[in-house]
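Worth saying up front: this structure is predicted, and the values here are computed from it rather than measured. The figures here come from the full heavy-atom set of this structure, side chains too, leaving out hydrogens, waters and symmetry mates. Below, chains carry the letters A, B, ... as their sequence lines are ordered, and counting in each starts from 1.
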2 protein chains.
Amino acid sequence: MIRGRTGNTKFVKQMNREGILHQLRQEPRLSRAELAAKTNLSRPCVSALVEEMIQEGLIREVGTGESKGGRRPILLEYNVQAYAVVGAVFEGSELEMAVADMKGELIAQRHTRLKQPVDGDSALKALEETLARLLAVSGIDRDRVVGIGVGLPGITQRRSGTVSHAPSTGWMDLPVGREIEERLRLPVVLDNDVNMMTQGEFFGGAGAGVSSLVYMYVGTGIGAGIILDKQLYRGSREASGEIGYMRIGDSPARRKGEFGVFERNFSVTGIHGKAQALGLPVDPEAGILRQLIRLSREGSAPAEVLLNEVYHGWASGIANTVSVLDPEMLVLSGEMLHLDEAGLNRIRELLLEWVPVVPDIRLAELRERAGLMGAVHSVLEAHSFASMPAGS
Amino acid sequence: MIRGRTGNTKFVKQMNREGILHQLRQEPRLSRAELAAKTNLSRPCVSALVEEMIQEGLIREVGTGESKGGRRPILLEYNVQAYAVVGAVFEGSELEMAVADMKGELIAQRHTRLKQPVDGDSALKALEETLARLLAVSGIDRDRVVGIGVGLPGITQRRSGTVSHAPSTGWMDLPVGREIEERLRLPVVLDNDVNMMTQGEFFGGAGAGVSSLVYMYVGTGIGAGIILDKQLYRGSREASGEIGYMRIGDSPARRKGEFGVFERNFSVTGIHGKAQALGLPVDPEAGILRQLIRLSREGSAPAEVLLNEVYHGWASGIANTVSVLDPEMLVLSGEMLHLDEAGLNRIRELLLEWVPVVPDIRLAELRERAGLMGAVHSVLEAHSFASMPAGS
DNA sequence: TTGAATTTGTTAGTTATTTTAACAAAGTAA
DNA sequence: TTACTTTGTTAAAATAACTAACAAATTCAA
């Protein structure tokens with residue numbers, strides 16, 4: 001797998017089991033013979049591996065298929081209910097949590113509001129209690145849960161399992177991964193919220209099937225999640241996709257600890273600032289893009305100018321990112337979800353003018369479920385579910 | 001290796017051979033016992049594989065080492081002279097070519113000037129003749145050459161081995177890879193010049209040892225080569241690193257088929273244009289940066305302003321790229337090589353001000369040899385030299 | 001209806017490769 | 001000289017895949 005690593009025979013078996021499961025996850029209902037053909041393994045070998053995995057409950061026989069001129073095939077199916085995974089996302093003082101089957105389909109979901117101010121202990125407690133309730137509701141045995149994926153706002157240092165900056169959750173420089181692991185007694189996959197949402201859209205949303213994708217999120221800040229070669233790319237210091245720091249728009253002297261130039265101009269807060277400076281009647285609580293579109297339609301010239309400035313700014317950010325990465329797809333999210341057809345087309349036009357290779361540009365499909373789906377899929381990815389039982 | 005692929009036992013052996021060779025390439029002179037420890041293979045297994053590779057000439061025994069309290073180890077060495085690789089780079093009407101050993105060290109090098117206008121046939125002929133001469137000079141048998149890496153200007157479509165845009169070599173939309181392969185009867189690795197230079201600096205230059213790197217080249221255009229996880233990243237349509245299209249600097253209406261905004265402003269030609277517009281006495285043939293630095297030192301205010309604008313522009317390009325990728329190192333090349341300590345520091349200062357995570361920034365070390373080194377290493381990478389003999 | 005051909009899945013034996021256990025060779029240190 | 005280490009090899013055991021052969025189940029054509 002990794003260059004320079006050596007493999008033993010067990011590793012081959014593992015790989016072959018994974019290969020079979022992989023096929024079975026893509027296409028449900030395949031016979032042993034078909035699997036042998038698709039994996040380039042011999043039929044006896046496939047039979048043996050399948051037998052093993054049936055014993056483990058990973059695969060099921062589900063009746064017979066149509067004959068192709070001979071004995072009818074026994075169809076096999078990946079047993080998505082063999083195990084379960086849990087996903088959790090902290091957002092401000094809210095916790096969204098769900099159990100899913102091995103296909104990543106949510107079985108039960110639950111929303112919890114934490115009492116403020118949020119500290120580490122109350123967050124852990126919430127996780128614990130919600131998990132228990134979810135398992136009870138869905139009737140899933142605790143032993144069948146393979147792991148939990150947790151999305152946290154801010155930059156997380158995954159290596160050490162330490163969150164170095166998780167502003168809204170009240171966890172600062174704590175070895176969060178280990179704490180959750182100890183408390184819940186489950187393997188934990190930790191990542192920041194944007195990475196989780198990126199994986200969500202990649203595995204179960206707009207980006208299903210592509211091999212590279214940039215997920216661009218405009219909120220209080222601007223960030224992007226990057227998937228290259230079907231793998232999340234994190235950067236050498238976990239700081240990839242921090243596109244809020246790009247040099248786009250005016251660059252007034254920033255105050256200490258303030259955001260990047262792109263963010264200062266074109267994040268939700270940035271646009272609100274611009275709108276207020278222009279004296280536009282906008283409600284700071286409501287979605288800024290919708291308000292601008294409405295005002296512009298109603299004939300407000302400054303609103304139209306600002307709206308175009310926003311399109312121009314966002315398109316510039318996209319252009320710069322695309323120039324560097326040449327991704328197959330770009331998924332827009334956050335405030336950008338409120339783009340109407342006209343706005344989206346305007347951005348596409350600008351890009352066609354600016355860069356030679358324009359990726360497929362789409363709005364995110366999963367909305368608020370993206371993070372949760374990503375958390376779930378990050379666990380599914382982390383474990384290869386062909387892993388062999390302890391005994392063998 | 002690739003997800004979904006199944007492996008057989010031969011594959012494991014191959015992996016283990018590669019593992020051993022990998023260790024031996026990193027650290028010369030290791031014993032069988034040390035190799036066993038480093039690769040997690042048993043000593044008998046290492047012995048068997050080593051024996052095989054000694055027979056094939058890939059490894060050599062080179063005396064004994066110091067005892068560590070027991071029998072003295074027999075030291076093994078990777079035999080860099082077992083085979084040879086060839087690198088070639090076309091640049092304008094010039095062809096630079098070299099033979100190298102398996103470590104990537106150049107054994108013989110040769111420069112050829114093609115007569116203009118260059119067409120495909122004369123280029124092929126030059127390749128053929130220069131190769132013959134290099135082999136004669138270095139006394140290397142043709143059978144020992146494993147392949148040739150060829151760097152071509154412009155965008156190359158590697159998949160099909162077709163060069164879709166190689167302006168200065170006169171090869172347009174030809175299946176270049178196959179033609180060279182047929183003519184020279186050698187496996188060919190084709191890539192564009194920037195990618196080759198990137199690999200050169202990565203394997204044998206400033207970037208040796210890092211795992212991610214951006215190689216930024218400022219010439220008539222501006223482009224970047226990207227290495228992530230020790231692998232060249234090409235993008236979904238071979239268009240990654242086309243940072244010349246970034247939105248940096250003024251954006252006057254571009255004329256048909258013209259470059260990107262960043263390029264129009266801050267490539268060598270762009271800067272020349274700006275200098276001339278300011279009425280600065282610059283020689284269009286000589287290096288623009290050096291001239292600006294000199295003029296600025298001599299007290300020319302507009303030169304100083306322009307120089308700062310250039311630093312600012314380049315730093316912006318770097319900032320944007322770094323925001324997206326978070327690479328471990330940034331290697332500056334082309335016109336940027338003429339940056340003096342003050343200029344480099346100015347750029348570093350700006351970056352510290354703009355982005356939270358600044359990579360190690362260095363000037364390219366290999367200069368004009370970068371492409372050649374890259375071509376050579378691209379062949380070394382393409383072939384895993386642990387490949388097994390046909391007989392087994 | 002019968003028998004040849006085909007497809008699926010299994011059984012038994014072979015092959016390839018790694019590991020374990022044991023040991024010989026060659027050294028150090030007390 | 002003896003005890004202990006480290007290195008490398010030999011022989012046997014263990015894994016896991018493959019080949020060949022065949023049984024089971026089905027289609028299809030005579």
Side-chain angles (χ1 to χ4, degrees), chain A residues 5-20 23-24 29-55 59-76 386-392, chain B residues 5-20 23-24 29-55 59-76 386-392:
Chain A
R5 172 179 168 183
T6 52
N8 49 25
T9 49
K10 293 243 164 118
F11 176 62
V12 171
K13 190 177 173 185
Q14 177 80 16
M15 267 187 69
N16 291 338
R17 285 172 54 118
E18 272 179 52
I20 289 173
Q23 294 297 337
L24 230 35
R29 286 159 201 274
L30 290 169
S31 68
R32 290 168 173 81
E34 284 170 312
L35 281 171
K38 288 192 191 255
T39 58
N40 290 316
L41 290 169
S42 63
R43 289 204 303 278
C45 181
V46 169
S47 280
L49 296 177
V50 160
E51 182 52 33
E52 223 180 70
M53 292 194 277
I54 286 178
Q55 291 304 320
I59 292 180
R60 278 189 308 201
E61 291 190 340
V62 289
T64 57
E66 283 305 295
S67 162
K68 286 175 200 158
R71 175 175 170 175
R72 296 170 70 182
I74 303 169
L75 296 183
L76 300 166
S387 61
M388 291 189 276
S392 74
Chain B
R5 174 180 165 182
T6 52
N8 50 25
T9 50
K10 292 245 161 114
F11 175 63
V12 171
K13 189 177 173 185
Q14 177 79 16
M15 267 187 68
N16 291 338
R17 285 173 55 119
E18 271 179 52
I20 289 173
Q23 295 297 337
L24 230 35
R29 289 158 200 276
L30 289 170
S31 68
R32 291 169 173 81
E34 285 170 311
L35 281 171
K38 290 194 190 250
T39 58
N40 289 316
L41 290 168
S42 63
R43 289 203 305 276
C45 180
V46 169
S47 280
L49 296 176
V50 160
E51 181 53 32
E52 221 179 73
M53 292 194 278
I54 287 177
Q55 291 304 321
I59 292 180
R60 278 189 310 203
E61 291 189 340
V62 290
T64 57
E66 284 305 295
S67 161
K68 286 176 202 158
R71 175 174 170 176
R72 297 170 68 181
I74 305 169
L75 296 183
L76 299 166
S387 60
M388 292 190 275
S392 75

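Rounded to whole Å, atom P of D:dA16 lies 17 Å from atom CZ of B:Phe11. If you measure from atom CG of B:Leu76 to atom C1' of D:dT7, you get 12 Å, rounded to the nearest angstrom.
Distances shown here put a side-chain N or O of B:Ser47 below 4.0 Å from the OP1 or OP2 atom of D:dT9. The side chain of A:Asn16 places an N or O atom within less than 4.0 Å of a non-bridging phosphate oxygen (OP1 or OP2) of D:dA17.
B:Arg29 and B:Glu34 get closest at one heavy-atom pair: O-OE1, 4.5 Å. B:Ser67 approaches B:Gly70 most closely through the heavy-atom pair OG-O, 2.6 Å.
Taking the side chain as every heavy atom from C-beta outward, B:Gln14 and B:Lys10 never approach each other to under 4.5 Å. Residues B:Glu61 and B:Arg32 meet the side-chain proximity criterion, which asks for heavy atoms closer than 4.5 Å.
The residue from B:Ile54, B:Leu30, B:Ile20, B:Val46 that alone fulfils the side-chain contact (heavy atoms from CB on, under 4.5 Å) condition with B:Leu76 is B:Ile54.
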| remark: Under a 4.0 Å heavy-atom criterion, the protein footprint on nucleotides 24-30 of chain D, written with B, S and -, is BBBS---
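Between the A:Arg72 side chain and the A:Gly65 main chain, a donor and an acceptor come within less than 3.5 Å of each other.
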Please produce a list of atom pairs where a protein N or O lies less than 3.5 Å from an N or O of nucleotides 18-20 of chain D.
residue, atom, partner, partner atom, Å
D:dC18, OP2, A:Ser42, N, 3.1
D:dC18, OP2, A:Ser42, OG, 2.9

